Each structure stands twice: as structure tokens, then as C-alpha cells.
Asker: 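Take this structure first; my questions come after.
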Amino acid sequence: MNDRLTGERLVDDMSGAERARAERVESVLPALRAAAAKADEEARFPAEHVTMLRDAGLLGLVVPEEYGGLGGTLRDLAAATFALGTACPSTALAYFFHNTSASRGLLPLEAIEAGLFSGDEIPVVRAFAEKVLTRMASGAWLANFASESVKSSSANITIATTARRSAGGWTLDGEKSFGCATGVADYYLTTAKLEGSQTAEGLVTFFVPRDAPGVSTRAPWDGLGMRATANNGIRLDGVFVSDDEGLAIPGAFTRMLQMSRGSFVGNQLAIAAVYAGCAQNVYDVVIEQLTRKTFADTGRPIASSPMHQQLIGDMTANLETAYLWLRRQLLLETSEPPLRPKAEVFRQWRLGKGAVTEACYQVALGAFKASGTSGAMMGGVVGRALRDLAMGLVMTFPAERGRLEAAQMVTQAKENELFATAER
């Protein structure tokens with residue numbers, strides 16, 4: 001199909017409504033692609049990209065229509081982050097994290113419907129959830145700050161940022177080491193723990209305005225991954241947040257997570273789609289170059305050499321591997337009725353995230369080998385992709401941890417089958 005949209009390379013069975021939303025994404029790709037190299041070189045998130053995405057109505061992509069959004073689902077988000085990843089992976093990553101904020105609105109509302117909140121809690125939870133969604137739909141860019149530099153052996157993300165009670169609200173202190181759109185987003189949607197809490201029941205969420213007193217930016221992030229994401233992170237020193245700008249009910253965070261279909265808050269698949277889009281782009285660029293350029297002595301395309309044929313075959317297999325894992329996970333997390341229990345969907349994601357990101361990195365590595373020294377330029381598509389896709393190997397968790405956790409889920413379930421009770 002000649003008019004196939006970029007997002008349809010991943011989600012190839014779009015409905016009419018999904019395709020209409022994907023057309024909005026398609027409309028911004030040329031400008032993003034044109035700006036990608038300069039943004040990477042300057043290691044600067046282009047603020048104009050926020051305006052571009054806002055004008056296209058895409059900041060409310062996964063917000064229900066009743067709250068002013070476009071009514072998209074995880075399928076739309078995966079197609080969007082994939083398509084954006086083919087043009088400017090940095091913008092795609094930042095856009096993904098903006099959209100993860102929607103889970104702080106959607107999941108609490110689902111938890112209310114499921115009866116997980118009591119009568120006096122419901123108005124507070126509903127007000128916060130609806131504020132998240134209406135702000136996104138109105139064009140506010142939200143940076144989702146959860147990750148911190150502090151680590152623990154028992155969790156992928158450990159929260160040390162503390163919220164203590166103050167008159168009329170809360171005072172936040174802490175440091176967030178990772179979060180796109182630092183200094184760009186309108187609000188930092190910040191996860192903290194209640195003072196004195198030692199469990200996930202004490203996790204709470206607040207809106208922190210970008211320019212609030214006590215908010216500062218950490219040193220510039222000069223990482224191996226996507227450089228134009230404004231991933232500096234923030235420091236919070238005595239930042240006051242009023243009661244109506246937070247959801248500080250103990251246990252609200254864990255109750256809402258019960259409503260996700262699989263990964264964490266139910267949208268992590270879309271971050272892997274960013275890497276798949278980047279891999280698809282470097283694949284397309286290198287294949288075009290290798291088939292267009294010819295050997296001086298034979299006139300045959302460089303792509304026809306045995307070595308390049310081997311590399312192209314490996315790249316193709318790795319790219320298809322990424323697609324297969326992503327499409328399977330997308331099916332598991334969006335099918336109605338659900339095809340598998342949540343525990344199985346979660347286990348699949350722990351395997352799938354690593355499988356996708358490792359396969360995508362191998363595509364870039366193959367492109368680097370196939371391009372030779374002419375492709376070994378940090379400002380070129382191959383050099384940028386090799387560095388950008390390296391970040392996927394460690395973001396959230398590496399493949400080794402995912403496989404370890406999946407193995408533990410399988411073996412522990414089998415161990416439980418070995419025990420039974422009997423009457424004496």
C-alpha cells in the first residue's frame with residue numbers, strides 16, 4: 001500500500017479511528033526528521049517540538065475524549081512512538097514519558113470503578129485523576145519523574161524523595177536522576193514517599209510546576225543514549241505543593257497499579273517501540289545506501305557482496321524479532337477479553353523488553369559494520385542510532401534481569417505445584 005503510514009509498519013491492522021490519529025503523527029515527522037541531527041549535536045531538546053506536537057493535538061493522544069483528548073489506546077501510543085522514533089528518537093522518548101503520565105489518571109479511575117477506594121477517598125482520587133487527563137488534553141507537557149540514582153537490590157526503581165506534611169499541603173525534598181523534558185515540561189509529575197514510610201503503600205504523586213521555588217536542574221546529562229531529551233533530572237529542596245495538586249492517600253499508588261494489564265503502569269511497551277522505530281530507520285537508510293552505491297570495478301551494488309548479504313540477513317532477522325515481540329506484547333495488553341492472566345502478561349514483558357532492545361541494538365551494530373568507516377560519524381544516522389539504541393540495553397532494566405525474573409516466576413510457580421495438603 002503506497003499510502004501506508006509509518007506507524008502501520010508496527011500496528012498493521014489499524015482501525016479507521018486509529019489511522020486518523022496516526023495521520024496526525026505522520027504530519028509532524030518531516031519537521032522532526034529535519035531537526036534531529038542538530039538537536040543531537042547540540043544535546044538540546046527542541047522546545048519547538050512541544051509546540052509542534054501540541055498544535056497537532058498529540059499531547060492528549062491517549063486521553064479519553066470525554067476529558068478533551070483524542071481517545072487513543074496503547075495501540076495508538078505504540079504506533080506513535082515507533083513513528084516518531086524513525087524521525088527523532090530523542091523526541092519520541094520524551095513524548096513517551098509525557099504519555100506515561102496519563103496512567104496516573106486512567107488507572108485511578110479504573111480503580112474507583114473496581115471498588116478499590118472508599119467513599120471518602122473517591123472524590124480526592126477522581127479530582128486528581130481528572131486533573132491529570134484534562135491538563136494533558138489542554139496541551140500541558142508533563143514530565144514523569146520517578147527514577148532516582150539510589151538503588152536497592154529488591155526493586156527496579158527505588159524512591160527516596162520524601163513528602164512531609166505542611167500547612168495546606170506537602171513539602172518535597174529529594175533528587176530525580178532521570179526524566180525527559182527537564183526545564184521544558186510545564187509540570188513535573190513527581191513520585192515521592194510519605195515521610196516515615198518504608199513500603200510501596202507510602203508512594204504518592206504530585207504536580208510540581210517547572211518554575212516552583214526550590215526546584216533546580218541537575219548537571220547536564222551527557223549520556224550514551226539519546227542526547228536531545230533534556231534528561232538532566234531535578235532537585236527538590238523544600239518544594240511546597242498544595243493539597244489539591246497531589247494524590248497523597250496511602251496505598252492509592254499500589255491500588256491503581258492493580259488495574260494495569262501488564263507492565264508496571266501498562267504502557268511500557270511504547271518505550272520499546274521507540275527503539276524499534278530508530279532501528280527501522282537506520283536499517284532503511286543503510287539498505288538504501290548499500291543498494292545505491294556500487295563497486296568501482298564491477299559496477300555491482302555493494303549490497304551484493306557476500307559479507308554485506310550476511311550482515312543484511314542478520315539485520316533483517318533482528319528487526320523482525322523486535323516486531324514479533326512487540327506485536328505479541330501489544331496483543332496481550334490490549335485484547336478484549338484478555339488472552340492471558342496478568343501474571344503471564346507481566347512475565348512476557350520482562351522477557352520482551354530485553355529481547356526487543358537487544359535485537360534493535362544488533363540492527364544498529366550490523367548497520368555500522370555494513371557501512372564501514374564512512375558510516376562511523378557521530379553526526380550520521382548510523383553513529384547516532386548505535387549510541388541511541390545502546391540506552392535501550394539498560395533503561396529500566398537490562399535483558400538479564402528480565403530473564404532472571406521470568407525464570408523465577410516460572411520455577412516458583414512450578415515449586416508451588418509440588419506441595420499439597422492432606423488430612424491426617
Side-chain angles (χ1 to χ4, degrees), residues 4-26 28-29 32 53 56-64 69-103 106-107 136 144 180 226 260-281 319-336 338-340 345-346 348-357 359-360 363 388-389 392 395-396:
R4 186 171 66 159
L5 300 173
T6 303
E8 289 181 295
R9 300 180 79 167
L10 175 62
V11 182
D12 51 9
D13 58 342
M14 287 185 180
S15 66
E18 288 172 335
R19 201 167 194 278
R21 290 186 286 265
E23 287 174 346
R24 292 175 180 254
V25 178
E26 196 76 19
V28 305
L29 297 186
L32 293 182
L53 292 166
L58 291 170
L59 298 192
L61 176 65
V62 294
V63 174
L70 296 181
T73 68
L74 179 59
R75 284 168 54 89
D76 296 89
L77 181 57
T81 56
F82 170 85
L84 295 173
T86 68
C88 180
S90 289
T91 298
L93 188 67
Y95 180 71
F96 162 78
F97 279 108
H98 162 76
N99 280 281
T100 62
S101 303
S103 65
L106 297 171
L107 295 181
M136 292 180 68
N144 199 344
C180 294
M226 300 166 189
S260 69
R261 286 283 295 269
S263 53
F264 189 38
V265 291
N267 50 31
Q268 295 296 297
L269 176 148
I271 195 172
V274 174
Y275 298 112
C278 180
Q280 180 67 68
N281 182 60
L319 192 57
E320 290 300 324
T321 295
Y323 278 122
L324 289 171
W325 278 98
L326 280 171
R327 288 174 179 146
R328 177 58 175 170
Q329 189 69 30
L330 190 58
L331 178 64
L332 291 177
E333 294 198 25
T334 60
S335 62
E336 292 294 348
L339 295 176
R340 294 286 187 273
V345 178
F346 181 72
Q348 185 80 0
W349 169 245
R350 305 310 280 184
L351 293 170
K353 183 269 176 185
V356 170
T357 53
C360 289
V363 172
D388 289 351
L389 290 170
M395 182 173 287
T396 310

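Small disclaimer: the values here were computed from a predicted structure and weren't measured.
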Asker: Just wondering, do Lys353 and Trp325 contact through their side chains at under 4.5 Å, heavy atoms?
Answerer: no

Asker: List for me each residue that meets salt bridge (charged side-chain N to carboxylate O under 4.0 Å, His left out) alongside Glu18, sequence neighbours excluded, and say none if there are none.
Answerer: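 Partners of Glu18 by the salt bridge (charged side-chain N to carboxylate O under 4.0 Å, His left out) criterion, ordered by chain and then number, come out as Arg75.
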
Asker: With sequence neighbours excluded, tell me which residues meet salt bridge (charged side-chain N to carboxylate O under 4.0 Å, His left out) with Glu320.
Answerer: none

Asker: Taking C-beta and beyond as the side chain, do Leu70 and Val63 meet within less than 4.5 Å on heavy atoms?
Answerer: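 No, too far: nothing below the 4.5 Å cut-off.
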
Asker: Please confirm whether the backbone N or O of Cys278 pairs with a side-chain atom of Asn281, one donor and one acceptor, at under 3.5 Å?
Answerer: no

Asker: Determine whether Leu77 and Tyr95 make a side-chain contact, defined as any pair of heavy atoms from C-beta on separated by less than 4.5 Å.
Answerer: yes

Asker: Can you name the side-chain contact (heavy atoms from CB on, under 4.5 Å) partners of Ala279, sequence neighbours left out?
Answerer: Leu319, Cys360, Val363, Leu389

Asker: Could you check whether any side-chain heavy atom of Leu326 comes within less than 4.5 Å of a side-chain heavy atom of Leu269, counting everything from C-beta outward?
Answerer: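 Yes, at least one pair of side-chain atoms sits under 4.5 Å.
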
Asker: Begin with the C-alpha distance, continue with both residues' side-chain angles, and end with the deciding distance and a verdict on side-chain contact (heavy atoms from CB on, under 4.5 Å) for Val62 and Thr73.
Answerer: CA-CA 5 Å; Val62 294; Thr73 68; over 6 Å; no

Asker: With sequence neighbours excluded, tell me which residues meet side-chain hydrogen bond (donor to acceptor under 3.5 Å, both in side chains) with Thr6.
Answerer: Glu26

Asker: Using the test side-chain contact (heavy atoms from CB on, under 4.5 Å), find all partners of Ala17 that sit at least two apart in sequence or belong to another chain.
Answerer: Ser15, Arg21

Asker: Quick one: pull up CD1 in Ile271 and CG in Asn99 and give me the separation to the nearest 0.5 Å.
Answerer: 12.0 Å

Asker: To the nearest 0.5 Å, tell me how far Thr357 OG1 sits from Met395 CE.
Answerer: 10.0 Å

Asker: Specify the closest pair of heavy atoms between Phe96 and Asn267, including all atoms of both residues, with the distance to one decimal.
Answerer: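 In terms of heavy atoms, the two residues are closest at CE1-O, 3.2 Å.
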
Asker: Leu74 and side chain to side chain contact (heavy atoms under 4.5 Å, CB included): which partner among Gln268, Glu333, Gln329?
Answerer: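 Among Gln268, Glu333, Gln329, the one meeting side chain to side chain contact (heavy atoms under 4.5 Å, CB included) with Leu74 is Glu333.
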
Asker: Tell me the salt bridge (Lys or Arg N to Asp or Glu O under 4.0 Å) pairs involving residues 77-92, sequence neighbours left out?
Answerer: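 Residue pairs with at least one partner in residues 77-92: there are none.
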
Asker: Considering non-hydrogen atoms only, spot the tightest contact between Thr86 and Gly277 and give its length.
Answerer: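 Of all heavy-atom pairs spanning Thr86 and Gly277, the closest is CG2-O, 3.3 Å.
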
Asker: Who pairs with Ser90 by side-chain contact (heavy atoms from CB on, under 4.5 Å), at least two apart in sequence or on another chain?
Answerer: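 If we apply the side-chain contact (heavy atoms from CB on, under 4.5 Å) test to Ser90, skipping adjacent residues, the hits are Cys88, Met226, Ala228, Thr229.
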
Asker: Arg24 side chain to Ala56 main-chain N or O, any donor-acceptor pair under 3.5 Å?
Answerer: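 Side chain of Arg24 to backbone of Ala56: a pair is present.
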
Asker: Does a side-chain heavy-atom distance below 4.5 Å link Leu332 with Phe346?
Answerer: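 A side-chain contact under 4.5 Å is absent here.
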
Asker: Excluding sequence neighbours, so at least two apart, what forms side-chain hydrogen bond (donor to acceptor under 3.5 Å, both in side chains) with Arg9?
Answerer: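 For Arg9 the side-chain hydrogen bond (donor to acceptor under 3.5 Å, both in side chains) partners, ignoring immediate neighbours, are Asp284.
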
Asker: Measure across Leu5 and Glu23 and return the closest heavy-atom pair with its distance rounded to 0.1 Å.
Answerer: CD1-CG, 3.7 Å

Asker: Apply side-chain contact (heavy atoms from CB on, under 4.5 Å) to Leu106 and list each qualifying residue two or more places apart in sequence or on a separate chain.
Answerer: Pro64, Ala102, Leu133

Asker: So, using side-chain hydrogen bond (donor to acceptor under 3.5 Å, both in side chains) as the criterion, who are the partners of Asn144 when residues are at least two apart?
Answerer: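 If we apply the side-chain hydrogen bond (donor to acceptor under 3.5 Å, both in side chains) test to Asn144, skipping adjacent residues, the hits are Thr100.
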
Asker: Ignoring hydrogens, what is the shortest heavy-atom contact between Leu330 and Ala78? Give both atom names and the distance.
Answerer: CD1-CB, 4.4 Å

Asker: Are any non-hydrogen side-chain atoms of Val11 and Phe82 less than 4.5 angstrom apart?
Answerer: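 Not touching, per the 4.5 Å side-chain cut-off.
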
Asker: So, using side-chain hydrogen bond (donor to acceptor under 3.5 Å, both in side chains) as the criterion, who are the partners of Thr91 when residues are at least two apart?
Answerer: His49

Asker: Any idea which heavy atoms bring Val356 and Ala322 closest together, and the distance?
Answerer: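 Nearest pair, atom of Val356 first, then Ala322: CG2-O, 3.8 Å.
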
Asker: Please confirm whether the backbone N or O of Ala273 pairs with a side-chain atom of Thr81, one donor and one acceptor, at under 3.5 Å?
Answerer: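 No; judged by distance alone, with no hydrogens or angles, the pair does not exist.
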
Asker: I need the minimum non-hydrogen distance between Pro338 and Arg261, along with the two atoms involved.
Answerer: CA-NH2, 3.7 Å

Asker: Run the salt bridge (charged side-chain N to carboxylate O under 4.0 Å, His left out) test against Arg328 and tell me which residues pass, sequence neighbours left out.
Answerer: none

